[in-house]
Amino acid sequence: MISPQQVETMIKAEMPDAQVQVKDLTGGGDHYQVTVVSSQFADKGLVQQHQLVYGALQQAMSSEAIHALALKTYTPEAWQATN
């Protein structure tokens, strides 16, 4: 089991400018919905954006501390346009 704060910390360690929102979908600490806003996503496709986040969470994913991850990624400009 991993806490939402730990998920956020792991992402920010690799992407210091990221704004991260983590939601535990089941209450069990292994199914998360994560929204990440970062300038590092600029000029990258969706798959590349998700790969950056998965890279930051690789240890937790490979050990199955995180079993499922619903991921949404945005550049700051796209996030502002969405909200």
Side-chain angles (χ1 to χ4, degrees):
M1 187 164 90
I2 189 166
S3 74
Q5 182 60 42
Q6 289 171 305
V7 173
E8 181 178 347
T9 299
M10 285 188 275
I11 293 170
K12 286 187 172 185
E14 296 294 319
M15 307 172 72
D17 77 318
Q19 297 174 40
V20 183
Q21 297 174 351
V22 183
K23 180 179 180 184
D24 187 340
L25 295 176
T26 63
D30 63 347
H31 289 70
Y32 287 104
Q33 178 177 310
V34 179
T35 302
V36 182
V37 180
S38 173
S39 61
Q40 290 186 37
F41 297 147
D43 300 323
K44 290 184 173 47
L46 190 59
V47 171
Q48 291 172 311
Q49 293 176 14
H50 287 204
Q51 287 173 334
L52 284 173
V53 179
Y54 280 118
L57 298 174
Q58 182 178 5
Q59 183 179 4
M61 297 290 293
S62 64
S63 69
E64 294 191 17
I66 297 175
H67 180 72
L69 184 67
L71 189 56
K72 295 180 182 179
T73 54
Y74 301 91
T75 62
E77 296 78 18
W79 177 252
Q80 200 167 24
T82 304
N83 292 303

Any chance you could measure [X], atom [atom1], to [Y], atom [atom2], to the nearest 0.5 Å?
| X | Y | atom1 | atom2 | answer |
| --- | --- | --- | --- | --- |
| Lys44 | Leu52 | NZ | CG | 6.0 Å |
| Asp17 | Met15 | CG | CE | 6.5 Å |
| Met61 | Gln58 | CE | CD | 10.0 Å |
| Ile2 | Glu64 | CD1 | CD | 13.0 Å |
| Thr75 | Phe41 | OG1 | CZ | 9.5 Å |
| Leu25 | His67 | CG | NE2 | 12.0 Å |

Other residues, nucleotides, ligands: >12 heavy atoms within 6.0 Å of Lys72 NZ: no

Answer yes or no: is there a side-chain heavy-atom contact under 4.5 Å between [X] and [Y]?
| X | Y | value |
| --- | --- | --- |
| Val53 | Gln49 | no |
| Thr73 | Leu71 | yes |
| Val7 | Val22 | yes |
| Val36 | Tyr74 | no |
| Pro76 | Trp79 | no |

What is the minimum heavy-atom distance between Met10 and Leu57, and which atoms define it? CB-CD2, 3.8 Å

Please name the pair of heavy atoms, one in Ile11 and one in Ala18, separated by the smallest distance, quoted to 0.1 Å.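 Smallest interatomic distance, heavy atoms only, reads CG2-CB, 4.4 Å.
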
Output yes when a side-chain donor or acceptor of Gln6 lies under 3.5 Å from a complementary backbone atom of Ser3, and no otherwise. yes

I'd like to know if Val37 and Leu46 are part of one continuous hydrophobic network [Ile/Leu/Val/Met/Phe/Trp/Tyr, side-chain heavy atoms within less than 4.5 Å].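 Per the 4.5 Å side-chain linkage, Leu46 and Val37 are not co-clustered.
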
[X]: what forms a side-chain hydrogen bond (donor to acceptor under 3.5 Å, both in side chains) with it, not counting sequence neighbours?
| X | answer |
| --- | --- |
| Glu8 | Lys12 |
| Thr35 | none |
| Gln48 | none |

